[in-house]
Structures are given as structure tokens and as C-alpha cells.
Protein chains: 2
Amino acid sequence: MKPTVMRPPPGGGAFQEPRRPLLVKKFGGTSVASIERIRKVARLAVESQRAGNDVVVVVSAMAGETDRLLKLAHQVLPLPDSRELDVLASTGEQVSVALTALAIQAEGGQAFSLLGYQLPVVTDSAFTRARIQWVEKSPIRKALHRGQIAVVAGFQGVDPENNITTLGRGGSDTTAVAVAAALKADVCEIYTDVDGVYTADPRVCPSGRKLRAVPYEEMLELASLGAKVLQVRSVEIAMKYEVPIHVRSSFSEEEGTWILPRDQVLEARRLAGLACERGQARVELLGVECSPEQMTEVTDLLAEQNVSVDMLCHARCAPGSTRADIAFTLPEGDLLRTRQSLEQLSDRLGARELRVSNSLTKVSLVGIGLRSDPGIAARLCRNLSQQGIPVSGLVVNELRISCLLDAGLADRAVRILHDTFELAGEVPAEPLTSSAPA
Amino acid sequence: MKPTVMRPPPGGGAFQEPRRPLLVKKFGGTSVASIERIRKVARLAVESQRAGNDVVVVVSAMAGETDRLLKLAHQVLPLPDSRELDVLASTGEQVSVALTALAIQAEGGQAFSLLGYQLPVVTDSAFTRARIQWVEKSPIRKALHRGQIAVVAGFQGVDPENNITTLGRGGSDTTAVAVAAALKADVCEIYTDVDGVYTADPRVCPSGRKLRAVPYEEMLELASLGAKVLQVRSVEIAMKYEVPIHVRSSFSEEEGTWILPRDQVLEARRLAGLACERGQARVELLGVECSPEQMTEVTDLLAEQNVSVDMLCHARCAPGSTRADIAFTLPEGDLLRTRQSLEQLSDRLGARELRVSNSLTKVSLVGIGLRSDPGIAARLCRNLSQQGIPVSGLVVNELRISCLLDAGLADRAVRILHDTFELAGEVPAEPLTSSAPA
């Protein structure tokens, strides 16, 4: 971990930046699922403050609350208006901040709650999946200055027209990292129900090993490939502003996994781990008429429908040929709502066939320098096919190698690859540049 | 009801004021207690809009929700911080506006929800019992201009420092009337689980009769004396801005009770009805040393503790006497929290005795010109004492006569007085200046 930064006092007349270490602690829904657990969060925050830190707590809705609210909305209207959905869903975090602030007071601490619009956390207007544009830090600074623990509602923001927005599932991670970035916090601690990031999901692969540190880039790949520890966007912001993240269990004191700039991760390993993304579909547009705009049409459509595709392949129009194939992977849920548009697109592009395969799992090996060493992809394919697992798609880039497998074969594939690449092996000593703050 | 006002188009370049009748409809917790009831509210709003009105809906939290939230807070901390209580409690109405807006969309209408801070409804900073300072009308006007039904969260506001505030129990009534005043609405309809204002609570007094119209002044007295149909503050605002209120049942189409300026209530009766306020305590400071500041000390203390007292009596220091008595009535709940301060006050004033009586009910006769006709107070006392009910306190002013009774005798007293003053009698024809809007 990078050492606590002692900043010089500011030159201007503004109130002074706190010199104490500043910790942002984010607690997910499981950590605030009951009054008893909220009390535990409060104790942890108060203890940390008494140990000499400035503390900002970011909380999610109590576990199950967001689902309960969304279910109500769907009872009223099967396809609810997304602006009103956000008004509804954001109450979950509002309840959590109020109860957490009260629990901190019950522990003898002082607390001040802040909602998305009060900070404000300004976002764009993409309801239910808004992106943070900026975070105002002065209300938190003022609360810390008053000796209070700031309790910030995760997941919610406000757009420039003063509408409530939400950041999508896992959005509280992003709130926490954005707040940590705005405040130049010393660390953003993500408390969760797992105790860190693993080389592979231990429920699938018993030899999966907890990583002590992962560089942002690999974490970005792991998060977007189904390691559900962190929302992808939160890692993007952490990387951009170099916010050290510590993913740790809310049920133990144990060190978790640090997510840091690459130069601070001394762990020598080139391979970080394996990730599984289930529920994938493969779309193939076969025999599309060659034209300079065909790829633009595909990517425009997908952007318009807000589908994040992966493994996009485009067989280039060979000289003399007039037809080409385009293929990509997307979550099955997105397939349902984009199916009609895809069919229209297929017609417009003059495709001979639109082929869709369901129930696929994307298994990815994440590391660095994977493209520059073709031996890795070769070993991956060889070892899987030797065990009777056909690899139906392969994408290699610098940070990962992904393949598409039938859902039923994925778990076995993860175990095989974990062995193949010796991910369970011990790490060298001194994996981090420095130890965690007290 | 006053006729629909056709205003001239505004001279400036601002968007045009709607010419259609503008109705503000407020629905309490029972009316939005379930998805089914919310659908009913939505249908009512959409039908009213289709009939040619501009419609603003103000909703409370779903019945039981505010209690559930406050119970959570009290589980965390027995005396919760009032700022955080308001953050918590205001989520109740936030859920209601989102679901109501969605239900209106489900009925084929268009809706736009607005929270207290979005309007904004600006209040002072007295958390849990804030007073509205002003209401911005332009977001509602814009929504109506777009053809939407504006769905406004009742009960909540925002103070000048951007903190969430709430208006106290029944605060949604006040929101509705304040919004109606800001918009110069043609009527503010309060939908509730009773069908109007009665001469006496029909559960206590079977001959209680529904009033067709009540002037603001009498309604103010009735509301502050325990007729729980409307929050007192809402009537104050309605009176100040001459907002016609229509209190009616959300379960029937029937005409309810109109609350109007006196000159629009043609009902000839001088007596409006009887109200009961239960759970009262009487505080007597006996043998206080005479000084010019003694009353100021008492009223300052009560204001400081935010206790609204009633029936304040001060036996003047007679020439030659050096001692006097001071007595007042307050809700039992307020007595608990002010007891200690009252004892200190009693010592400071050199009172011989601080006497407190509990379990009293205040029974009030509300009407006009009550002080100028001493015969009414005399009949009240005579008829009660003849039936063996001792009257332990009496206050007479222009709009009401109140007496304090043992709780167990109050219901019988109400029935006796209802007969004594012939409140069940038929009203003359043409009780209102004009009929209700379609």
C-alpha cells in the first residue's frame, strides 16, 4: 500500500485539509442486512475513527431491499419508466444511510448522512445505469472537519436537471471509489461477503488461491469477466485516479486483496486468475454483403441498445469475395431485448443467415503479456481439447484469453486451466511494496 | 365552490398558464396502502385529467410504512437524531410517488414525480416538524404543460442548507394545500378514509352529522382540537391563500365537506361541531411569586421546548396579594419530555406547588360568536353538571368553548352536548355558494 500522504497545508484561506489518514469504507447489502449488522458497521467505523483516521462510510441498500422495491414497480407496470424506477430504488440506500448514521451515534460517534443529490454525485441522465461525471467533496470535508463520520449513500446520483439517477447493480462500489478519488483518500476499502479476489472461484475450483494484490488492468478484466467482487466502472475510476482499493471481508479482520497500480504490485506472476461469465449468447451474422459501413452499423446498433458485446470478430472481405461473417458475444438477457433489432439489422446487411447460440459460458485467463506469448493460448486450447472440451471461440488480447464453452463444461475447464497454469502455486515473498495502514 | 377562474394569458414571454381547471388531489396512507389501491388512485387521477382538468397528485407514505421506518430508527437508537429521522422517514413518500407515477403510466396516462427537494418545498430547519416557507411552482407547471400528471411527495421538504426535512404527522395535507396555493389551484381535494367533517365523531356520537361546508376559522379550531381530518397547518395556509379544500372519501364518489372562506359558506348555523382531544395533562403552578416576568418565563420555556399549550390561565396578582396561580394544558406526550424543565421553572418562580393531572380529555364546542353570547357557555356547564359530569376547566373564546373532563366521561359529554345544541338538526337549503367542479 502506498504510505499515508502528508500533504502541506493549503495556501489559500479555505478550511484546512485534514492531515489524518482518510479511509473510505464501503459496505454492501449483506453487511447492512439487519440492525445488528448495521451496528457492526458502525462499531468498525467508530473504532477506525478513534484510531486516528478520518472516515467516510458508503453503504448499499439492505440486502433484498432493492429487489423488493423493483418487484413492486414491476407489479405496477411490467416495463416501468426508468426515471421513476430510480426514484424508487434510491430509497434503499437512503434508509441505509439514515440507520447507519444513527447506529454510529448509538456507538458514541458523530455522523452526518449525505444522499446523492446532497453531495452531489453528478451523473449523466442514463437512468438505471448512469455514469458519474463528478463528485463534490466539500460537504464531506466539512463533516470530517466537524469530527463527524460522513455516511454517503451509494448507488445514487443526480443528473444536471435534478433528477435522481442510479448507477446500476454494484454501483455503490463506484460511488465509494469516486468519493475516494475526489477526496484523495488513502484507501478505499470494499467490505464484502468474500474475503478477496481469487485466482478462480473457490466454489468451482477448490485450489483457487486468494490474491494479495492485483494491478488495476487485470482487475478490470476480472471484474468485467464475471468476478463479481467489484463493479467494472469502479475499477476504471480507481485506475484513472490511482485510488488504492482493498477488497476485504466484513466478517473478519483478515487482509483481503489490494488493487493497485502495476508498479506497486511486486507479485511476480504474469497470470492473475481465471474468470467465468455465465449466461452468454453468441450471435453470428453469416454471409454479410461487404461494405465499408457494415461494422459501423453493427456497433452503432449495439451502442444504441446499450449492449456491451465481447469477442467481436469480423472476417475481413477477402479480395474477390463479396461476403463476410460478423460474430459477437453478449449476455443472454440483452439478447432477449435486442433480438428484433438484430433481425432487422441482419436483413439490412443482406446476411445469408442470423445464427444465435445460447447457454454458453465465457472462461477467461487474465494476466499480462498474453498476446505476446502465443504459447499460452496454445497450451489453453491443447489442454482443454485433450480432456474432451471443445473450444468454440477464442479471443486473445494483451490482458486476457477468453474462450466460449458449453455451460455444462465450464467448471471442469476452470479446474483444468487452474492446474495447467499452476495458479495455485505459492507467490514469492514481499508481494506488496508496503504494508497496509493500521 | 368558487367558480373556475379563467385567467388572462400572461403578458411576458414565460410559458402560458394552463387555462384548464387545476385540481390538487391528496391521498393519505390508507389510499395508497397497496398496489391495488395505488391503481385506484391512478385511475381517479387519469379520469380527472381526461375530463379536462390539470391534475396534481400529492401522496403520503403507504399506510404503516412511516411507523415501520421509525421503529427501525428507534431500534438503533432510543432517541434518534432528528435530521437522520427525516432522511429515513421521507423514503416512505418517495416510494409512493414512484409507484403512483408508474401506476398512472400503467393506466395510459403520463406522470412525473417530484420530491420535496426537487420542487422544492423549502422549509425551516426544524427537523420532524418543519414549517413550509415557500413552494416553487415551475416544475409542476412544466409537467402539466407537457400533459403530465405531477405526482408530488407529501410530508417532505428541504431546508436552505439542502437537508431533508419533514412536516410532522399529517404533513402531506400541508404539502397539498401549499402546492394548491402556489399554483392558485381551483380546489385542493383531500381524499381520506372518512367522508367528511362531522359535527361530532360518529363513533362516539351516533347522531353526528356530516357538514357540507365549514369556514376556515372553525376548521382551524376543529383540527387543532383533535378532529384528525386535516393537519392544522394546512388549514392555516388554506385560509391565508383562500384555497378551497374539499375533504372527501377515497372509497366513494360522494360529496364530502368543503372548507371555504366564511362568505362562501351559507350554512346559517353558528355552531360547527364538537371536537375531542384525548390524552391531555393539566399543569398548575400554584402560589407563584408575583413578578412582571413570570408569564414570559413560562411561555419562553414552552416555546423553547416546542410545546403547544392550551387553556393557559393566569390568575392576576390582586392588589395586596403577592402570590398567583398559573395553569395550562398540554399533551401527555409533551409532559414526559418537559417534566424536568417544568420542575426547574417551578422552583425558579418560587411556586408553592407544582400540580399535574393526567388522563384528561378536552371537549370543545366550535362555532362563531361564542364569547359574545355567554348563554352558550352557561348551557354547556349546566347540562353537563346536571348529568353528573363535573367541568374542571373552561376556556371561552370567539370560536370555541373548551372544557377539561376525566377521560372516562368525555364520550358521554359529547353526546349530551350534541343534543343540547341540536347539532344533528337539518341544515338550511343552499349550503354552498356554488356547486363543485365536474
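Keep in mind it's a predicted model, so treat the numbers as computed, not measured. Below, chain A is the first sequence line, B the second, and so on; all start at residue 1.
Only the side chain of A:Ile35 comes within less than 4.5 Å of a heavy atom of chain B; its backbone N, CA, C and O stay farther away. A:Leu79 does not touch chain B: none of its heavy atoms, backbone or side chain, sits under 4.5 Å away.
Note on A:Leu85, A:Val97, A:Val95: by heavy-atom pairs under 4.5 Å with chain B, the leading option is A:Val95. Taking B:Leu72, B:Asp86, B:Asp81 one by one and counting their heavy-atom pairs under 4.5 Å with chain A, the maximum is reached by B:Asp81. Listed options B:Gln75, B:Arg39, B:Arg83 were ranked by heavy-atom pairs under 4.5 angstrom with chain A; first place goes to B:Arg83. For the set A:Gln118, A:Glu36, A:Gln94, the entry with the most heavy-atom pairs within less than 4.5 Å of chain B is A:Gln94.
Contact residues of residues 157-165 of chain B toward chain A are B:Val158, B:Asn162, B:Asn163, B:Ile164 (heavy-atom distance under 4.5 Å). Contact residues of residues 101-113 of chain B toward chain A are B:Ala101, B:Leu102, B:Ala103, B:Gln105, B:Ala106, B:Ala111, B:Phe112, B:Ser113 (heavy-atom distance under 4.5 Å).
Shown are A:Leu69, A:Leu77, A:Leu88; of these, the side chain to side chain contact (heavy atoms under 4.5 Å, CB included) with B:Leu99 is made only by A:Leu88.
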